[in-house]
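Each remark here refers to the structure printed beneath this line.
Proteins get letters first, then strands, A, B, ... in listed order; numbering begins at 1 in each.
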There are 2 protein chains.
Amino acid sequence: MQDAANRPYHHGDLRRAVIETALDMLREEKGWQFTLREVARRAGVSHAAPYKHFPDKAGLLAEIAMIGFDRLRESLSAAKSEAPETLRDEITTLARAYVAFGTDNPALYRLMFSAEEGKAVGMHLNERALAVFDVLLEILRRGQAAGSVRRRPIEGQAAAGWGLVHGMTMLAIDGLLVPEKVGSAPLDAALSTLVEGLGNPAT
Amino acid sequence: MQDAANRPYHHGDLRRAVIETALDMLREEKGWQFTLREVARRAGVSHAAPYKHFPDKAGLLAEIAMIGFDRLRESLSAAKSEAPETLRDEITTLARAYVAFGTDNPALYRLMFSAEEGKAVGMHLNERALAVFDVLLEILRRGQAAGSVRRRPIEGQAAAGWGLVHGMTMLAIDGLLVPEKVGSAPLDAALSTLVEGLGNPAT
DNA sequence: GATACATTGTTGACAGTGGCTACTTAAGCG
DNA sequence: CGCTTAAGTAGCCACTGTCAACAATGTATC
């Protein structure tokens with residue numbers, strides 16, 4: 001990335017540079033097909049250099065996927081901190097943040113949920129994914145304690161929430177939420193239905 | 001696939017054979033990476049032969065994805081025909097059939113929703129995908145007419161349904177619906193929540 | 001029937017890929 | 001200065017998708 005001339009022999013922080021470059025590549029939403037050699041090329045380094053820092057291609061991708069989950073979690077935390085008071089609004093705000101993360105980083109989001117096909121680093125990845133799930137669990141638990149959420153096994157309700165936002169995110173990324181079929185604000189509409197289903201009718 | 005000796009020079013129906021072979025390969029749930037040459041190999045034909053029937057790899061995949069959507073639609077129709085009478089049960093039955101199709105054909109289902117990244121055959125593919133959506137629309141419309149579904153823009157409610165089943169299917173395929181986190185029957189639980197949200201509280 | 005054409009498969013080549021190993025260079029340290 | 005060793009390089013391998021040239025087969029026309 002810098003002039004080949006004044007670049008020191010030892011990159012110094014190639015590991016971080018490789019990850020950064022890869023994330024950049026994921027961002028440019030071309031029908032991009034990720035190639036390790038291209039990453040090295042852009043980082044201004046030889047095609048085998050990344051192997052000094054990552055076991056193989058899948059290893060790099062797994063690491064990036066984990067970073068993705070971390071960032072998603074951060075996005076959700078940020079959204080939660082500035083969420084309105086009512087539970088319904090809090091859920092809506094969070095769901096919007098979730099889907100926005102996916103549509104803003106489509107390639108990354110896709111990677112996050114397909115990287116463990118290789119199953120190498122599976123466990124660590126799943127842990128991070130499920131950490132996101134915990135955010136949802138916590139909210140519902142609070143809602144249930146306050147009586148505004150139906151008294152049902154909370155995991156099932158959280159599963160409904162996660163499944164819905166994950167599905168909507170994927171459909172949006174795939175361009176399947178075309179307005180003429182699905183209305184102008186499909187996410188908000190779907191969220192209304194969900195919140196209705198979560199809500200305690202007794203209140 | 002037959003003896004190389006008595007195999008005639010012209011295959012006769014290579015197009016169908018290639019598709020069939022590819023579907024078989026998708027079925028074997030190895031961390032399989034789909035390669036055109038392997039398809040040709042299994043079909044007992046030279047590595048370039050498929051190019052006489054498909055423009056390129058993406059073309060073949062797109063065709064297979066379309067077949068996938070057709071089959072999904074058939075599965076749903078079959079499930080609908082033998083569905084119980086109440087609307088709630090009908091929706092549940094259909095949703096179960098949908099998710100089952102995905103978990104039974106994970107590689108195919110994944111392909112169906114990532115094939116159009118190449119965007120070549122995008123429109124035809126989207127048409128078939130949205131045809132699946134129509135099944136859902138029809139049910140809800142009927143339910144609304146009968147008064148058992150909330151009076152809301154129907155597209156939004158259908159979007160909620162599609163998003164939920166699609167999301168649950170993907171999570172299940174990715175092995176993210178681990179019981180200790182998400183309960184023993186996450187799909188049924190999620191469906192309860194959804195149906196609750198769809199249902200008309202006045203009835 | 002024989003001949004010209006079109007279709008379908010085959011072969012061989014090309015560039016590009018992931019993965020690997022042997023080599024070279026730079027940097028630190030006595 | 002000479003040594004070790006981490007960082008980066010060059011080059012090999014097997015493989016892929018794709019294309020162009022060629023061969024075998026079917027079909028239509030005279």
Side-chain angles (χ1 to χ4, degrees), chain A residues 1-22 25-26 30-65 107 111 114-121, chain B residues 1-22 25-26 30-65 107 111 114-121:
Chain A
M1 271 311 161
Q2 32 186 322
D3 280 354
N6 56 355
R7 175 163 51 88
Y9 186 86
H10 287 305
H11 185 288
D13 201 359
L14 184 54
R15 179 166 232 278
R16 177 185 310 270
V18 165
I19 292 181
E20 211 65 39
T21 306
M25 288 173 59
L26 256 352
K30 313 289 295 181
W32 197 220
Q33 77 164 348
F34 191 93
T35 144
L36 243 196
R37 280 166 128 98
E38 175 70 14
V39 178
R41 223 166 284 145
R42 294 204 193 191
V45 101
S46 83
H47 67 250
Y51 283 91
K52 294 288 169 182
H53 301 272
F54 304 93
D56 58 0
K57 186 187 180 185
L60 170 59
L61 288 181
E63 182 126 357
I64 290 177
L111 172 67
S114 62
E116 41 95 30
E117 265 190 304
K119 290 185 177 184
V121 211
Chain B
M1 272 312 165
Q2 33 187 319
D3 281 352
N6 56 355
R7 176 164 50 86
Y9 188 87
H10 285 306
H11 183 287
D13 201 1
L14 185 54
R15 179 167 230 276
R16 177 185 311 269
V18 164
I19 292 181
E20 213 65 39
T21 306
M25 288 172 59
L26 257 351
K30 312 290 294 180
W32 196 220
Q33 76 165 347
F34 191 94
T35 150
L36 209 44
R37 280 172 120 103
E38 176 69 15
V39 178
R41 222 166 285 146
R42 294 204 192 192
V45 101
S46 83
H47 66 251
Y51 281 89
K52 295 292 165 174
H53 300 271
F54 305 92
D56 57 1
K57 186 185 181 184
L60 170 59
L61 289 181
E63 182 126 358
I64 290 177
L111 172 66
S114 61
E116 42 95 28
E117 266 189 304
K119 289 185 180 187
V121 212

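Shortest non-hydrogen contact noted between B/V45 and B/P50 is CG1-CD, 4.4 Å. Summarising the geometry of A/L111 relative to A/I64, their closest heavy-atom pair is CD2-CG2, 3.8 Å, with the distance given to 0.1 Å. The two residues B/F34 and B/K57 come nearest to each other via the heavy atoms O-NZ, 3.0 Å.
Atom OG1 of B/T35 sits about 11.0 Å away from atom NE2 of B/H47, to the nearest 0.5 Å. Atom CZ of B/R41 is separated from atom OG of B/S46 by 11.5 Å, given to the nearest 0.5 angstrom. Going from atom CG of B/L14 over to atom OG1 of B/T21 covers 8.5 Å, rounded to the nearest 0.5 Å.
Each end of the helix from C/dG1-D/dC30 to C/dG30-D/dC1 gets its own rotation axis from five pairs of C1' atoms, and the angle between them is 20° to the nearest 10 degrees.
The distance between atom NZ of B/K52 and atom P of D/dA24, rounded to the nearest whole Å, is 15 Å. Between the CG atom of A/L14 and the C1' atom of C/dA26 there is a distance of 15 Å, given to the nearest Å. Taking atom CZ of A/R41 as the reference point, atom P of D/dG8 lies 17 Å away to the nearest angstrom. Rounded to whole Å, the distance from CZ on B/F54 to P on D/dG17 is 14 Å.
Looking at heavy atoms from C-beta onward, B/V18 lies out of side-chain contact with B/H53 at the 4.5 angstrom threshold. Side-chain contact between B/L60 and B/I19: present, with at least one pair of heavy atoms (C-beta onward) separated by less than 4.5 Å.
Not one side-chain nitrogen or oxygen of B/H53 sits closer than 4.0 Å to the OP1 or OP2 atom of C/dT7.
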Could you go through nucleotides 18-20 of chain C and list every protein N or O atom that sits under 3.5 Å from one of its N or O atoms, giving the distance for each pair?
from: C/dG18; atom 1: OP1; to: A/L36; atom 2: N; distance (Å): 2.9
from: C/dG18; atom 1: OP2; to: A/T35; atom 2: OG1; distance (Å): 3.1
from: C/dG18; atom 1: OP2; to: A/L36; atom 2: N; distance (Å): 3.4
from: C/dG18; atom 1: OP2; to: A/R37; atom 2: N; distance (Å): 3.3
from: C/dG18; atom 1: N7; to: A/R37; atom 2: NH1; distance (Å): 2.3
from: C/dG19; atom 1: OP2; to: A/Y51; atom 2: OH; distance (Å): 3.1
from: C/dG19; atom 1: OP2; to: A/K57; atom 2: N; distance (Å): 3.0

